[in-house]
Amino acid sequence: MTAAGQANEEITASAVIADIGATNARFAHVLRDGRIVDQRVYLCEDYPTLEEALDHYRSELGVKLRQAALAVASPVTGDRVTFTNNPWSFSIAEVRSRLGLDHLAVVNDFLANALSIPRLDPGDWRQIGGGTPAPGMPVGIIGAGSGLGVSGVVPAACGDRTAWVPLAGEGGHATLAPTTARESEVLDRMRRRYDHVSAERALSGPGLVNLYTVLAEIDGVPAKPFTPPQITDPATGAEEPLCREAVEMFCAMLGTVAGNLALTLGARGGIYIAGGIVPKLGAMFDGSQFRRRFEAKGRFQSYLAEIPTRLITHPIPAFVGLAGLLRPA
């Protein structure tokens, strides 16, 4: 038997997990011992449907699928799932039937990220600023990528152990409020473009472009066709002050929204930062106004100062959360 065949025999007959966003679908297999292996990344645009992408992954590994857990960049409120920034749409029941699955769990992508928090190792995150988690208290998570995800987990007694109940919300679409005069001017201009200026309109990849473009408009400077990675590139920021300001404003606004989340949830267990953008900012984020703005809540500054903010460094935390939704082999 080949090494690949031996590996497949060890796999939990087909326990597959997937983190599916606007652009990429990330797949993996979960072994009986919980290890996550055989990761693949597919472009969503290369597959007309979710079923075809999932079946392609199955065929690459040469195994029959028995169960799957999927994290999707969309609200999951019933059987029909329609992605927010991706043309895919599917019925959970139909996918389970067509692929012959015994078990299929489908959750919002940030709910999967939230489920990962109690399962993360200390090496999977690093702290930004001060604060110490209060045991047995709610935890929040926020992350910017193609959109802005917001979720959390709340502890609940379960016999002699603690179970963590995830919160399925769409906090990224809550209304964004300014904190400075410059932010007020930026959001005022953005309101002329959009019916509703949500946090996601500024705190996402497209949001970075929005911030840069509007800042250029305010200052009467022609905006260049920068992409989000170009805007966050330190080399670009060194030559383009408005790109640097857009990143600084992004970090500060993220701190304000994260502080709001902490107050709303009473998240004294901490706020975790995920998503594809912030982990790539490195020293720019560490030296930003994020933590100061997180705490800048007037009479509740001392309350927030005690809450830790932690940047998740695990490459795909949703996988960690999804693995916990699979049934035992």
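Quick caveat, the model's predicted, so the values are computed rather than measured.
- No more than 12 heavy atoms of other residues, nucleotides or ligands sit less than 6.0 Å from atom CZ of R268.
- For the residue pair H314 / S116, no side-chain donor-acceptor distance below 3.5 Å is found, with atom types taken as modelled.
- Under a 4.0 Å N-O distance rule, the pair D188/R192 qualifies as a salt bridge.
- In this structure, Y303 and F300 have perpendicular ring planes: the angle between them is above 60°, well past the 30° mark.
- The shortest distance between side-chain heavy atoms of I20 and R26 does not fall below 4.5 Å.
- With Y194 as the aromatic partner, R201 meets the cation-pi criteria of under 6.0 angstrom to the ring centre and within 45 degrees of the ring axis.
- Salt bridge present: R291 and E295 bring a charged side-chain N and a carboxylate O closer than 4.0 Å.
- Ion pairing between a basic and an acidic side chain is recognised when a charged N comes within 4.0 Å of a carboxylate O; R182 and D219 show such pairing.
- Checking each of Q289, E183, R293, K297 against T256 for a side chain to side chain donor-acceptor pair (under 3.5 Å) leaves exactly one that passes, namely R293.
- A donor and an acceptor atom, one from each side chain of H56 and Y42, are nowhere located under 3.5 Å apart.
- A 6.0 Å sphere centred on CD of E52 holds more than 12 heavy atoms belonging to other residues, nucleotides or ligands.
- Using a cut-off of 4.0 Å between Lys/Arg side-chain N and Asp/Glu carboxylate O, D124 and R310 are scored as not salt-bridged.
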